[in-house]
Structures are given as C-alpha cells and as structure tokens.
Amino acid sequence: MTVVRLGYVAMSMNLQNCSPSQTMTFAQFSKIKDREAAIAKLEKIAKSNLQNCLRLLRHNEANDIKFFRFSSKLIPLANHDELHDWKYMNNLEDPLMDIAEFIADHPMRVGFHPDHFVVLNSQQPDIFKMSLKTLRMHELLLKGMNVNPEHRCVLHIGGAYDNKEKALEQFIHNWGLIPVSIQRMLMLENDDTTFHVNDALYLCEKLGVPQIFDYHHHLAYYEDLNWEPHWKRILNTWKNSSLPVKMHISSPKSEKEFRAHADYIDVEMFMEFLNTVKGETKELDCMIEAKQKDNALFQLVHDLKRYSEIEWIDKASFHIN
DNA sequence: GCCAGTCAAGTCCCG
DNA sequence: CGGGACTTGACTGGC
C-alpha cells in the first residue's frame, strides 16, 4: 500500500490578485531617482508576495492540499549585483512569521525549486558564487518560515559543457565548496536534455542527496527507457531523509512539443506509474507540474475517482492498494 | 482593456 | 565570438 499526496506549484488559478511572483525589473528600479524609495518599493513587493503565499497556503488547507512549492521569485532583484548592499530580509520578519505560524498550526510539506540560473557545476566562479547566493536566499526564507531547510530545494545538475563526464566530476568538486547547511537543503532531479536518471543517481548516491524522479523528463531523455530497475535505488537515496519520497509529475503538451508541460495530467500515465511503484513505496509525494496549476490537481483528483484500487484519505491524498 | 514586446540571471546552437 | 532560442509569469507601453 502506498500513501500518495498531491501538490502543485507556486500559484493558484482560483485566487484573484494573488501572485507570489510580482516583480520589478532592474531597468524599472534604475529609473527611480531616490534609491531608498526604490528599495522601499522592492520591499513592498516582497512583502506582498509573502502575504500572497499565506493566502495560497490557506487556499491549500481548505482543499486538503498539504504539499506545495513556493515561487522562487518572492524577492525581486534579491541577488542583483547592483543591490548587494540591500539587506533584503530586513523587513520580511513579520510576513514570514505569519507563514511560520500557519505552517505550525497546519503541518504541510513546503519547498522550493530555484530556476535554471542556479548552476552548481559551473567552472565560472561568478556563476557558482551567484548560485550560492541564490541558495542562501532560499535558506533564509525557509528559516524565516521556521521550516527545517533539510531537503527543501530541488535543483537540476547543470550544464554539460561538451563533456558530460567532466561536468559530473565538476559537480562533485564544486559540492565540496558548498556550505554544509546548503548541501543539506538540496535534492537533485533528472532533466530532459542533459542529465538522465542514471546521471542523477550517480551523484545522489555518491553525495548522499535525495533524488527527485521526474517521470516526464525521463520519457524525454533516458539511458534505459526501462526505469523500474532503478526505482529501488531512487528510494534508497531517501533513506536518511525525514521527508517522504518526492517526485515530479507532468504530461507532454503534444507529441511535437513533448518536453513542454501540458495544461493537465494524463491520468492513465499517472496510474500506470503508481501501479508500478506501489509494491515497494510506502509514501509518495507527487508534485504536479502542469500549466493549470491547482486546477490540474483538482482535475486529476476527479479523474482518479474512477479507479477502484484508490481509497481517498481526504481531498488531495489517498491510499493505493 | 487588450496585445505585443521586454525582462537579472545560463546554456546551447547557429552562423 | 555574438546573437537568438529556450521558457516563464509579470509588467510596460502603445493603441
């Protein structure tokens, strides 16, 4: 028997004016003559983004959704070079504490997936340093929310730079340069163009990092299409984590645009996957990556209702036997 | 109010 | 070596 929880990403299609990713471009920032006023505006946006996160969490709670990925664009320009003296966390204690209190009252799994500008296997010191700075911001946000940062940030492995073997070894080399608290925060995901399941396993096993299995990426790029023999190893990368195994679920937009995400999740593909893993997997948190966000989750729940092997625990989690 | 173009960041591909 | 595509939601500017 497997307990499955469904989650979704960053924003809701059902809440009005609730973006957690409002922003200001650097060009816009520069146009404001009074630098202090410009920074105040950035802080106002960040605060509003966090308040919208809390609205999202309340919405999730109301729908039994206990698994959520925060936007990584909560603090606009946080890592911009020209703003290195800005203490972006300074005025965020209150909105972060509100989130902390809500999570304390309503236990749920939250995390991040910093975007593709975080590249840990880069040989360029500036890119590596900027990546660490971005990860440090994620760590501070988690701490502000009173969430243990362990295994809360999913990353891709990075670039191939014309030599994948070397790029993997570079990742291991750079790993040694990452502060331990940030190492502990990370999980690694197979991607759809460069580093497949076996590459991710190589690193995850070597470095003791949990692996996120992205089924859709796997179908787009693999060494062996047959992933089942590797599932035990993937589960095993989670053995030292206090959190359940986590994976990503999405469906191709079309045959032609296979890599792009569809609006919704193909329920048959999802069921086929679950039926394959249910024997050896006790708990599985499935992050739905679909254009229709929470609506894709609701639709998937609706589509799953016709399968008799599923027993519902609440509106967004179930047993499968 | 709507639509097209732009936006911090990286990598890859093409010429 | 330089420029554009990739991908993304939000925002700006033009109408």
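Quick note on labels: first sequence line is chain A, next is B, and so on, each numbered from 1. A quick note: this is a predicted structure, and the numbers were derived from the prediction, not measured.
Listed by first then second residue, pairs satisfying side-chain hydrogen bond (donor to acceptor under 3.5 Å, both in side chains) with a partner in residues 20-29 of chain A read A:Ser21-A:Ser71, A:Gln22-A:Ser48, A:Gln22-A:Asn49, A:Gln28-A:Lys31, not counting sequence neighbours.
Among the protein residues, A:Leu77 comes within range of the nucleic acid bases, having at least one heavy atom under 4.0 Å from a base atom. Residue contacts shown for A:Ala10 are absent, as no nucleic acid heavy atom lies under 4.0 Å away. At the heavy-atom level, A:Asp81 lies nowhere under 4.0 Å from the strands shown. Among the heavy atoms of the strands, none lies under 4.0 Å from A:Lys253. Counting non-hydrogen atoms under 4.0 angstrom, A:Ala160 reaches the backbone sugars and phosphates but no base. At a threshold of 4.0 angstrom between heavy atoms, the contacts of A:Lys291 are confined to the sugar-phosphate backbone, with no base atom among them.
Along DNA chain C, read 5' to 3', the first and last nucleotides having any atom under 4.0 Å from a heavy atom of chain A are C:dT8 to C:dG13.
Rounded to whole Å, atom C1' of B:dT11 lies 18 Å from atom CZ of A:Phe128.
Residues A:Ile288 and A:Val9 fail the side-chain proximity criterion, which asks for heavy atoms closer than 4.5 Å.
Aromatic ring orientation, A:Tyr215 versus A:Phe273: tilted (interplanar angle from 30° to 60°).
Nearest-nucleotide assignment on DNA chain C puts the 5′-proximal partner with A:His261, out of A:Lys31 and A:His261.
The same atom, P, is picked in B:dG5 and in C:dG4; the two are 14 Å apart, to the nearest Å.
Side-chain polar atoms of A:Thr281 and A:Trp231 form a donor-acceptor pair below 3.5 angstrom.
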